[in-house]
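Working notes, structure below.
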Amino acid sequence: MNQKVIFLLAVLCIVVFTFHITREDKLHDKPQLKIDISWTKKRPQFTNNVGFARLAESSTTYQNKTITQQELIGTVTNQFGIRDEVLELILTSIPESDVRSTIAAIKMVQYDQMEVGITDDMAINKFANKAAAASSCINIPMMDRYNFGQAYDKIIRDNSARKAEWDRIEHLLNGHVISNDYGIQSYDIKEQCDHFLGESR
């Protein structure tokens, strides 16, 4: 085997090794959530309310998404791991004094975002049931709720890729019954939401 062949084989090995390493890095590349502290200035209770603290602990579900899935969700710089535009919508749609409804709305979005990238319709249905429970705990006037829902749907479908993803999710949910899953057997809506939002005594 002459030196030219040996040299070409060595170059080929280096190229293959480099491609493999780059591919592995790409597969496992999940950017860390960079928190913008200006969010706490908009709502100081974000830092001193146990309900918001629990929501912040759930932000890891966003960080566990792939880069592509995170892009489908949108820009996130808040401690709750939900899309910034959606959090801004929540803050402008729900009075600052209504902490309970704000927590419920954020929790609803967290469960909605969990559905992104999931291909198992049963798993999506499970998250959808949780999101429905959170939604039922948002206690704002009916017209405000309608406007919030319309604006929310518009934001999460603001480009062709995101619209296609939510259309895919809705298609997988066809034939499934969406029922509020509070994690408790009770007919009392207050008791249900107390338990679901972590406020039960």
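Here, residue 1 is the first one in the sequence, and each next residue gets the next number. In this text, all values refer to a predicted model and were calculated from it rather than measured experimentally.
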Are any of the side-chain heavy atoms of [X] and [Y] separated by less than 4.5 Å?
{"X": "Ile82", "Y": "Gln113", "value": "yes"}
{"X": "Asp194", "Y": "Lys190", "value": "yes"}
{"X": "Met108", "Y": "Ile138", "value": "yes"}
{"X": "Trp39", "Y": "Leu91", "value": "yes"}
{"X": "Arg162", "Y": "Arg157", "value": "no"}
{"X": "Asn139", "Y": "Arg100", "value": "no"}
{"X": "Ile103", "Y": "Asn49", "value": "yes"}
{"X": "Phe52", "Y": "Ile106", "value": "yes"}

Are [X] and [Y] linked by a side-chain donor-acceptor pair shorter than 3.5 Å?
{"X": "Ser93", "Y": "Tyr152", "answer": "no"}
{"X": "Arg145", "Y": "Ser135", "answer": "yes"}
{"X": "Tyr146", "Y": "Asp144", "answer": "no"}
{"X": "Thr75", "Y": "Asp84", "answer": "no"}

Working to the nearest 0.5 angstrom, can you tell me the gap between [X] [atom1] and [Y] [atom2]?
{"X": "Leu173", "Y": "Phe127", "atom1": "CG", "atom2": "CZ", "answer": "11.5 Å"}
{"X": "His195", "Y": "Glu191", "atom1": "NE2", "atom2": "CD", "answer": "9.0 Å"}
{"X": "Asp121", "Y": "Lys126", "atom1": "CG", "atom2": "NZ", "answer": "14.0 Å"}
{"X": "Ile169", "Y": "Thr119", "atom1": "CD1", "atom2": "OG1", "answer": "11.0 Å"}
{"X": "Asn125", "Y": "Glu115", "atom1": "CG", "atom2": "CD", "answer": "9.0 Å"}
{"X": "Gln192", "Y": "Tyr182", "atom1": "CD", "atom2": "OH", "answer": "4.5 Å"}

Over all heavy atoms of both residues, which pair between [X] and [Y] is shortest? Give the atoms and the distance, please.
{"X": "Ile156", "Y": "Trp166", "value": "O-CD1, 3.3 Å"}
{"X": "Ile118", "Y": "Ala123", "value": "CG2-CB, 3.9 Å"}
{"X": "Glu85", "Y": "Ile155", "value": "O-CD1, 3.9 Å"}
{"X": "Asp112", "Y": "Ala131", "value": "OD1-CB, 3.3 Å"}
{"X": "Ile94", "Y": "Ala105", "value": "CD1-CB, 3.8 Å"}
{"X": "Ala104", "Y": "Leu197", "value": "CA-CD2, 3.9 Å"}

Is a side-chain N or O of [X] found less than 3.5 angstrom from the main chain of [Y], in a donor-acceptor match?
{"X": "Ser136", "Y": "Ala133", "answer": "yes"}
{"X": "Asn129", "Y": "Ser179", "answer": "yes"}
{"X": "Asp167", "Y": "Glu170", "answer": "no"}
{"X": "Glu165", "Y": "Leu72", "answer": "no"}
{"X": "Thr66", "Y": "Gln69", "answer": "yes"}
{"X": "Lys107", "Y": "Phe196", "answer": "yes"}

Begin with the C-alpha distance, continue with both residues' side-chain angles, and end with the deciding distance and a verdict on side chain to side chain contact (heavy atoms under 4.5 Å, CB included) for Val76 and Asn78. CA-CA 6 Å; Val76 175; Asn78 60 82; 4.2 Å; yes
Aromatic ring centroids of Tyr62 and Phe80 under 6.0 Å?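 No, too far apart.
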Before giving the answer on salt bridge (charged side-chain N to carboxylate O under 4.0 Å, His left out), spell out for Arg54 and Glu57 the whole-Å C-alpha distance, their side-chain angles and the decisive distance to 0.1 Å. CA-CA 5 Å; Arg54 291 195 187 100; Glu57 292 173 0; over 6 Å; no
Would you mind checking if Asp158 and Lys154 are paired as a salt bridge, meaning a charged N to carboxylate O distance below 4.0 Å? no
